[in-house]
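Please read the structure below before turning to the comments.
In this text the structure is predicted, and so the values were computed from the model without any measurement.
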Amino acid sequence: MTQRTTVTELVELDDETRERLEALVPKIEELADVYCDAGHPMPGSALESDFKVLTTQTTVATIPVIGLNALDHLQMAARGVLRARQISAFSTFTLVRSAITAAGLGGWILAAETEKERQSRTLCVAYHEAKNNRTAARELVNNHAERDATPENQHYNARRDSALSTIEQLNAQLDAIVADAVRIGVGDSPTAETIKKHIKEKPTDTEIIGAAAALVAPHAYYADFGAKSEIVLRWRTMSAHAHGLSWAARMSVVEATTDEGRQLSIWNPQGEDLLQGIQVAWDLMYGMTDRYIELMGRRSASPDAVS
């Protein structure tokens with residue numbers, strides 16, 4: 001990239017980053033259409049089997065939401081930088097980190113080696129989403145006691161009663177998810193240790209993202225240490241930028257000269273760092289989508305596969 005020293009020159013978006021982001025935006029829109037138009041899995045496909053055993057949440061319903069989540073964060077990062085014509089010190093990297101996290105989650109589900117494992121990972125995600133929702137409702141109820149039934153407390157008590165009702169509904173939903181897990185053979189009872197391990201306990205983000213790397217196609221970018229290590233490293237770097245950790249901040253601080261000739265230190269996040277994060281998010285997203293199309297039974301047969 002071109003070496004620049006003044007504040008005006010430093011914060012200006014470089015040509016390589018701008019061109020790559022401009023090329024990325026329509027690709028994001030194309031991939032989003034895959035999920036918006038996914039529809040029902042083909043008869044006899046791997047994902048069609050979910051509907052025979054899962055009553056609470058299927059992989060077919062889970063993956064499009066995760067995919068669109070990742071793509072939405074990516075397109076906001078790209079469009080935001082292009083509009084501002086510069087990279088922000090924190091928020092841009094937050095968006096890319098979130099895209100990697102989402103694409104990693106979808107990839108983790110679809111990288112499962114068996115049907116039961118894929119279905120149990122889908123149920124694990126559903127369980128923790130419902131549990132998160134219940135925690136929010138419980139905190140409201142536990143931290144705020146019911147008030148006297150007076151007109152001025154009517155709105156307060158109504159909100160608290162609504163939270164109690166939500167807790168009851170989510171308890172039933174969590175029980176149903178566990179029942180699905182028992183049905184597919186994750187455990188022989190709701191209290192089985194395997195239910196706790198595979199449904200009620202969720203791997204860390206780095207474990208999930210590392211497992212999703214199995215779906216990433218070979219690329220020169222991953223030649224040194226392999227896709228798993230490089231992808232987790234890039235996720236950590238994006239997270240550090242997003243949270244403003246000191247070691248990442250030091251990577252983005254440079255000495256510069258104002259147009260008036262005054263010396264100062266400024267934030268100068270690099271397009272190269274951003275593009276590396278986007279590369280990882282896109283590779284995870286592409287691998288996840290490729291497997292999704294395959295499991296949906298929508299991949300066109302190659303000439304060699306036709307008898």
* Asked: So, Arg118 side chain and Ile109 main chain: donor-acceptor pair closer than 3.5 Å or not?
  -> no
* Are side-chain heavy atoms of Met42 and Met296 found at a separation under 4.5 Å? -> no
* **Nearest heavy-atom neighbours spanning Arg160 and Leu140** => CA-CD2, 4.3 Å
* Taking the six-membered ring where the residue is Trp, are the ring centres of Phe51 and His40 under 6.0 Å apart? -> yes
* Taking atom types as modelled, is there a side-chain donor on Thr206 or Trp235 under 3.5 Å from an acceptor on the other? -> no
* Closest non-hydrogen atom pair, Trp108 against Ala211 -> CD1-CB, 3.7 Å
* Asked: Do Ser162 side-chain atoms and Ala158 backbone N/O form a donor-acceptor pair below 3.5 Å?
  -> no
* After noting the C-alpha distance and the side-chain angles of Thr58 and Thr62, does the key distance pass the side-chain contact (heavy atoms from CB on, under 4.5 Å) rule? -> CA-CA 6 Å; Thr58 64; Thr62 301; 5.8 Å; no
* Structure fact -> One should read off an interatomic distance between Leu82 CG and Leu13 CG, to the nearest 0.5 angstrom, of 6.5 Å
* Please check if any side-chain donor atom of Asp50 sits under 3.5 Å from a side-chain acceptor atom of Gln119, or the reverse. => yes
* Assess whether atom CZ of Arg183 is packed by more than 12 heavy atoms of other residues, nucleotides or ligands within 6.0 Å. => yes
* Show your reasoning for whether side-chain contact (heavy atoms from CB on, under 4.5 Å) applies to Arg97 and His243. => CA-CA 10 Å; Arg97 187 273 309 269; His243 293 294; 3.2 Å; yes
* Can you check whether Lys202 reaches Ile208 side chain to side chain, under 4.5 Å on heavy atoms? -> yes
* **Whether Asp180 side chain and Thr56 backbone form a donor-acceptor pair below 3.5 Å** => yes
* **From CD (Gln154) to CG (Asp161), nearest 0.5 Å** => 10.5 Å
* Which pair of non-hydrogen atoms, one from Met285 and one from Ala70, has the smallest distance, and what is that distance? -> SD-CB, 3.6 Å
* Close side-chain approach of Asn69 to Val65, heavy-atom, < 4.5 Å -> no
* Are Leu95 and Ile278 grouped together when hydrophobic residues (ILVMFWY) are joined by side-chain heavy atoms under 4.5 angstrom apart? -> no
* In the hydrophobic cluster built from side-chain contacts under 4.5 Å, what are the other members alongside Val186? -> Val53, Leu54, Leu123, Tyr127, Leu174, Ile177, Val178, Val182, Ile184, Ile195, Ile199
* To do: Determine whether more than 12 heavy atoms belonging to other residues, nucleotides or ligands lie under 6.0 Å from atom CD of Glu113.
  => no
* **Side chains of His128 and Asn132, donor plus acceptor under 3.5 Å** => no
* To do: Might you point out which heavy atoms bring His198 and Cys124 nearest each other, and give the distance in Å?
  => O-CB, 3.4 Å
* To do: May I ask you to decide if the ring planes of His144 and Tyr156 are parallel, tilted or perpendicular, using 30° and 60° as cut-offs?
  => perpendicular
* Asked: Is the number of heavy atoms from other residues, nucleotides or ligands under 6.0 Å of Asp148 CG greater than 12?
  -> no
* Quick one: do Arg121 and Glu117 make a salt bridge, cutoff under 4.0 Å? -> yes
* To do: State plainly whether one hydrophobic cluster holds both Leu68 and Tyr292, where clusters connect Ile, Leu, Val, Met, Phe, Trp and Tyr through side-chain heavy atoms under 4.5 angstrom apart.
  => yes
* Asked: Taking the side chain from Asp283 and the backbone from Ala217, do they hold a donor-acceptor pair closer than 3.5 Å?
  -> no
* Asked: Is it true that the side chains of Thr122 and Gln57 contain a donor and an acceptor less than 3.5 Å apart?
  -> no
* Taking side chain as C-beta onward, heavy atoms only, is Val232 less than 4.5 Å from Arg236? -> yes
* To do: First locate atom CD1 of Ile231, then atom CD of Gln279, and finally report the distance between them rounded to the nearest 0.5 Å.
  => 9.5 Å
* Asked: From Leu71 CG over to Leu74 CG, what is the distance, rounded to the nearest 0.5 angstrom?
  -> 6.5 Å
* Hey, are the side chains of Asp290 and Leu215 touching, using non-hydrogen atoms and a 4.5 Å cut-off? -> no
* Asked: With respect to Val216, which candidate in Tyr221, Trp282, Tyr222 satisfies the side-chain contact (heavy atoms from CB on, under 4.5 Å) definition?
  -> Tyr222
* Asked: Charged N to carboxylate O below 4.0 Å: is that the case for Glu16 and Arg20?
  -> yes
* Asked: Shortest non-hydrogen contact from Ile100 to Ala281?
  -> CG1-CB, 3.7 Å
* Asked: To the nearest 0.5 Å, what is the distance between CD (Glu22) and NZ (Lys27)?
  -> 14.5 Å
* Is any side-chain heavy atom of Glu272 closer than 4.5 Å to a side-chain heavy atom of Leu275? -> no
* Asked: Does the side chain of Thr135 come within less than 4.5 Å of Arg138's, by heavy atoms?
  -> no
* Asked: For the atom pair CD1 (Ile28) and CE (Met76), what is the distance rounded to the nearest 0.5 Å?
  -> 11.0 Å
* Side-chain H-bond candidate by donor/acceptor type, Glu139 with Asn142, under 3.5 Å -> no
* Heavy atoms only: give me the nearest Gly187-Thr194 pair and the separation to one decimal. => CA-OG1, 3.3 Å
* Looking at Ile63, Leu47, Thr59, Val60, which hits side-chain contact (heavy atoms from CB on, under 4.5 Å) with Leu295? -> Leu47
* Does the side chain of Phe225 reach to within under 4.5 Å of the side chain of Leu233, using non-hydrogen atoms? -> no
* To do: Would you tell me whether Gln169 and Ser165 have side-chain atoms, one donor and one acceptor, within less than 3.5 Å of each other?
  => yes
